[in-house]
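I'd like to ask some things about the structure below.
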Amino acid sequence: MRVLVSGAGVAGLTCAYWLRAAGHTPVVVERAAPGPQGGYGIDLSGSGYDVAGRMGILDRLAARQLRVDSVALVDAADRITARLDRPLAEKMLRGPYLGLMHSTLEEVLATTVEDTVEIRHRQSIGTLRQNDDDVLVAFADGTRERFDVVVGADGVHSHTRALAFGPEPRWARRLGFSMACYPVPDVAGCTDVRAHYTEPGRQTVLYPTDTVGTSVALFLYRSQRHGSIPRTERVARLRAAYRGAGWHTPELLAHAPAELFLDELTQIELPAWHRGRVVLIGDACGALTLSSAQGASVAMAGGYLLAAALAAHPGAHTDAFAAYQARVRPYVAERQRRARRFTRGLVPATRAGRRAQRVLTRLVLRDAAAPLLRFGFGDVGSILPNPSHYPKERQR
């Protein structure tokens, strides 16, 4: 089959790799220019770790982990009030994990497929016209081509989804929070931890990247629905939301670039993930938000399992789509429920809630509470067949 994959992110590149491995001909289109896109950190665990192992890229990823050995909750004076170290995190997640920049994972995936998969940057879908035999795609540059199947892997604000399923507001669940992030210079005393400083209604997060001298500042705060904010207005909006904030927040805000990433935390909930010859993967059909810590892993698992379903149902794309959805969607729905619950507790709205959070975290961030942590936030099990957590070549 000739398959168009819209989006050269984690989900799209993973899917293209496994489609090519199954003998199909994937073509990936990406509206952005080549180069890193995601300027934030991720955790790769569970299903995502397994897929990376089966692709043989774990060693390359492990060599570029974030310079983080623990997650620390801090107060305004930089005192650590609670800590989640790596051994406890692995107990909570029921296995190993990698802390990475999102851009690192995308870069490694891109170099893994670049010699075998056609990737067209600065290109996007204009319109889709489906019939019984194929999909006629008109691209933004005016060219037209036919494909057997179209895979929408273009993120939470998916254009492919809008074309095939309807406008985003029909499927978007806003969580009442906004998030912004950008790179900053390292801050003394915060070069080996992911530090979370919380005030009522807002949180500032700082963590080092894999490059000495560069960290990421992330801001998560309660907000009213605002939709897309013009890039030229985002810095002012963010500074207004954090006016009077303590800790290193003023210093970090001073480094805000003229244009930064700022968006609402949004989950996507669809009654079906496929329509005709169009199918969705990753955030396009089941965005979890960053508070799930599983977005990248589920994106990789979705790409892998869709390709596996198409291989298991040759010539029957409808059956393949249904099998893929039946396997992945219940897992995504559970992760979304947990992420909504976790986000509310992560950034309490009141001072009383903040005090309760401080007491609770001191009690639960310990080995004895690992089962409780696993229930509330940890992995809910790999959705891959025969999960291993190790690459195939290491099992021989």
Are any side-chain N or O atoms of Arg64 and backbone N or O atoms of Met101, one a donor and one an acceptor, separated by less than 3.5 Å?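 A pair under 3.5 Å: no.
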Are His157 and Asp283 close enough that a side-chain donor and a side-chain acceptor fall under 3.5 Å?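 There is no such pair between these side chains.
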Would Glu145 and Arg2 pass as an ion pair if we require N to O under 4.0 Å?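 The answer is yes: the pair qualifies as a salt bridge.
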Side chains of Val5 and Leu19: closer than 4.5 Å at any heavy-atom pair?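 SC-SC contact between Val5 and Leu19 confirmed.
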Hey, are the side chains of His121 and Arg31 touching, using non-hydrogen atoms and a 4.5 Å cut-off?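 His121 vs Arg31: side chains apart.
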Please check if the side chain of Gln267 supplies one atom and the backbone of Gln336 the other of a donor-acceptor pair under 3.5 Å.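 Yes: the side chain of Gln267 pairs with the backbone of Gln336.
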Between OG1 of Thr209 and CG of Leu100, what distance do you get to the nearest 0.5 Å?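 Reported to 0.5 Å precision, the distance equals 11.5 Å.
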His24-Asp148 side chain donor-acceptor pair, cut-off 3.5 Å: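 The criterion, which ignores hydrogens and geometry beyond distance, is not satisfied for Asp148 and His24.
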Side-chain donor-acceptor pair under 3.5 Å between Gln65 and Asp210, yes or no?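 Short answer, no.
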Side-chain donor-acceptor pair under 3.5 Å between Arg60 and Thr112, yes or no?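 Indeed, the side chains of Arg60 and Thr112 share at least one donor-acceptor pair under 3.5 Å.
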If you apply the rule side chain to side chain contact (heavy atoms under 4.5 Å, CB included), what do you find for Glu168 with Arg161, and how did you get there? CA-CA 8 Å; Glu168 179 177 312; Arg161 185 186 63 231; 3.5 Å; yes
Closest non-hydrogen atom pair between Ala258 and Val235, with its separation: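 Between these two residues, the closest heavy atoms are O-CG2, 3.7 Å.
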Honestly curious: do Val184 and Leu220 fall in one hydrophobic cluster under the side-chain, below-4.5 Å linking rule?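 Val184 and Leu220: separate clusters.
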Minimum heavy-atom distance between Gly282 and Ala11, given as atom pair plus value: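 Looking at all heavy atoms of both residues, the shortest contact is CA-CB, 4.1 Å.
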Should Leu253 and Val216 be regarded as members of a common hydrophobic cluster, given that ILVMFWY residues are connected when their side-chain heavy atoms come within less than 4.5 Å of each other, either directly or indirectly?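 As far as the 4.5 Å side-chain criterion goes, Val216 and Leu253 are not connected within one cluster.
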Taking only Lys NZ, Arg NE, NH1 and NH2, and the carboxylate oxygens of Asp or Glu, determine whether Arg120 and Glu118 approach each other closer than 4.0 Å.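 Here Arg120 pairs with Glu118 in a salt bridge, since their nearest N and O are under 4.0 Å apart.
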Without swapping roles, check the side chain of Gln325 against the backbone of Trp273 for a donor-acceptor pair under 3.5 Å.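 At least one qualifying donor-acceptor pair exists.
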I'd like to check Cys285 versus Phe165 (side-chain heavy atoms, cut-off strictly below 4.5 Å). Are they in contact?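 Of all side-chain heavy-atom pairs linking Phe165 with Cys285, none is under 4.5 Å.
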For residues Thr214 and Arg67, report the shortest heavy-atom separation together with the two atoms involved.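 Heavy-atom minimum between the residues: O-NH2, 3.0 Å.
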Where do Ser178 and His226 land on the side chain to side chain contact (heavy atoms under 4.5 Å, CB included) test, with the steps shown first? CA-CA 9 Å; Ser178 293; His226 53 66; 2.6 Å; yes
Drop me the distance from His248's NE2 to Leu206's CG, to the nearest 0.5 angstrom.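 Those atoms lie 7.5 Å apart.
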I'd like to know if the side chain of Arg234 reaches the main chain of Leu260, judged simply by a donor and an acceptor atom lying under 3.5 Å from each other, with no hydrogens or angles considered.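 Indeed, once roles are kept as given, a pair shorter than 3.5 Å links the two residues.
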Of all the heavy-atom pairs spanning Ala8 and Leu13, show the shortest one and how long it is.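 Scanning both residues completely, I find the closest heavy atoms to be O-CD1, 3.4 Å.
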Shortest non-hydrogen separation from Arg277 to Asp134 and the atoms involved: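 Looking at all heavy atoms of both residues, the closest pair is NE-N, 3.6 Å.
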Electrostatic pair Glu199-Arg354, nearest N-O below 4.0 angstrom: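 So Glu199 does not pair with Arg354 through a salt bridge.
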Whether the side chain of Gln357 engages the backbone of Leu346 through a donor-acceptor N/O pair (distance < 3.5 Å, no angle test) should be reported.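 Answer holds: yes.
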Can you tell me how far OG of Ser103 sits from OH of Tyr40, rounded to the nearest 0.5 angstrom?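 These two atoms lie 9.5 Å from each other.
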From Ser47 atom OG to Leu384 atom CG, the distance as rounded to the nearest 0.5 Å: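 Taking OG in Ser47 and CG in Leu384, the distance rounds to 5.5 Å.
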Is the count of non-hydrogen atoms from other residues, nucleotides or ligands lying under 6.0 Å from Arg20 atom CZ greater than 12?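 No, not enclosed.
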Do we see a donor-acceptor contact under 3.5 Å between the side chains of Ser223 and Glu264?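 Note: Ser223 and Glu264 side chains miss the donor-acceptor criterion.
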Less than 4.5 Å apart, any side-chain heavy atom of Ile281 and any of Val151?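 Contact flag for Ile281/Val151 side chains = yes.
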Mind listing the closest non-hydrogen atom pair of Pro250 and Gly246 along with its distance?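 Shortest heavy-atom contact: CD-O, 3.9 Å.
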I'd like to know if the side chain of His159 reaches the main chain of Ile125, judged simply by a donor and an acceptor atom lying under 3.5 Å from each other, with no hydrogens or angles considered.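 It does hold such a pair.
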Should Leu290 and Leu73 be regarded as members of a common hydrophobic cluster, given that ILVMFWY residues are connected when their side-chain heavy atoms come within less than 4.5 Å of each other, either directly or indirectly?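 Different hydrophobic clusters.
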Checking Tyr304 against Arg54 for the side chain to side chain contact (heavy atoms under 4.5 Å, CB included) test, could you report, in this order, the C-alpha distance in whole Å, the side-chain angles of both residues, the deciding distance, and whether it holds? CA-CA 10 Å; Tyr304 173 92; Arg54 297 177 190 201; 2.8 Å; yes
Hey, are Arg202 and Thr249 close enough side-chain-wise for a donor-acceptor pair under 3.5 Å?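 Result is no, nothing qualifies.
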State whether the side chain of Arg275 and the backbone N or O of Ala164 hold a donor-acceptor pair below 3.5 Å, judged by distance alone.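 A pair under 3.5 Å: yes.
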Enter the distance from Leu163:CG to Leu128:CG here, rounded to the nearest 0.5 Å.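 Result: 5.0 Å between the selected atoms.
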Side-chain H-bond candidate by donor/acceptor type, Thr81 with Asp75, under 3.5 Å: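 No pair is found: no donor N or O on one side chain lies under 3.5 Å from an acceptor on the other.
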With a 4.5 Å cut-off on side-chain heavy-atom distances among I, L, V, M, F, W and Y, is there a chain of contacts connecting Leu218 to Val193?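 Unlinked, Leu218 and Val193 end up in two clusters.
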Under 4.5 Å between side-chain heavy atoms, hopping through other hydrophobics if needed: is there a path connecting Leu66 to Val74?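 No, no single cluster joins them.
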Worked verdict on Arg355 versus Thr350 for side-chain hydrogen bond (donor to acceptor under 3.5 Å, both in side chains): CA-CA 9 Å; Arg355 288 193 294 269; Thr350 64; over 6 Å; no
Asp43 side chain vs Gly99 backbone, donor-acceptor pair below 3.5 Å: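 Side chain of Asp43 to backbone of Gly99: no pair is present.
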Are the aromatic rings of Tyr221 and Tyr242 close, with centres under 6.0 Å apart?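 Tyr221 vs Tyr242: aromatic centres under 6.0 Å.
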Heavy-atom side-chain proximity of Phe321 to Leu310 below 4.5 angstrom: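 Contact flag for Phe321/Leu310 side chains = yes.
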Can you tell me if CZ on Arg174 sees more than 12 non-hydrogen neighbours from other groups inside 6.0 Å?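 Atom CZ in Arg174 is packed in, count exceeds 12.
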Side chain to side chain contact (heavy atoms under 4.5 Å, CB included) between Gln203 and Val205, intermediate numbers included: CA-CA 7 Å; Gln203 184 175 95; Val205 183; 3.5 Å; yes
Any side-chain heavy-atom pair of Tyr207 and Val71 under 4.5 Å: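 They are not in contact (no side-chain heavy atoms under 4.5 Å apart), so the answer is no.
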Verify the ring-centre separation between Tyr182 and Phe219: is it less than 6.0 angstrom?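 Yes.
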Is it true that a side-chain atom of Thr14 and a backbone atom of Val10 form a donor plus acceptor pair closer than 3.5 Å?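 Yes; at least one donor-acceptor contact below 3.5 Å.
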From SG (Cys181) to CG (Leu252), nearest 0.5 Å: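 Separation between the atoms: 12.5 Å.
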Ring-plane angle category for Phe147 and Phe139, please: parallel below 30°, perpendicular beyond 60°, tilted otherwise.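 Rings of Phe147 and Phe139: perpendicular, over 60°.
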For the residue pair Val3 and Val27, establish whether any side-chain heavy-atom pair is separated by less than 4.5 Å.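 SC-SC contact between Val3 and Val27 ruled out.
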Quick check: does any side chain N or O of Arg327 sit under 3.5 Å from a backbone N or O of Ile383, one acting as donor and the other as acceptor?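 Flag set: sc Arg327 to bb Ile383 pair under 3.5 Å.
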Check: Leu262 and Ile229 side chains under 4.5 Å, non-hydrogen atoms: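 The answer is yes, as the side chains (C-beta and beyond) meet within the 4.5 Å cut-off.
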Any luck finding a side-chain donor-acceptor pair between Asp186 and Ser215 under 3.5 Å?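 Yes, because at least one side-chain N or O of Asp186 sits under 3.5 Å from a partner of the opposite role on Ser215.
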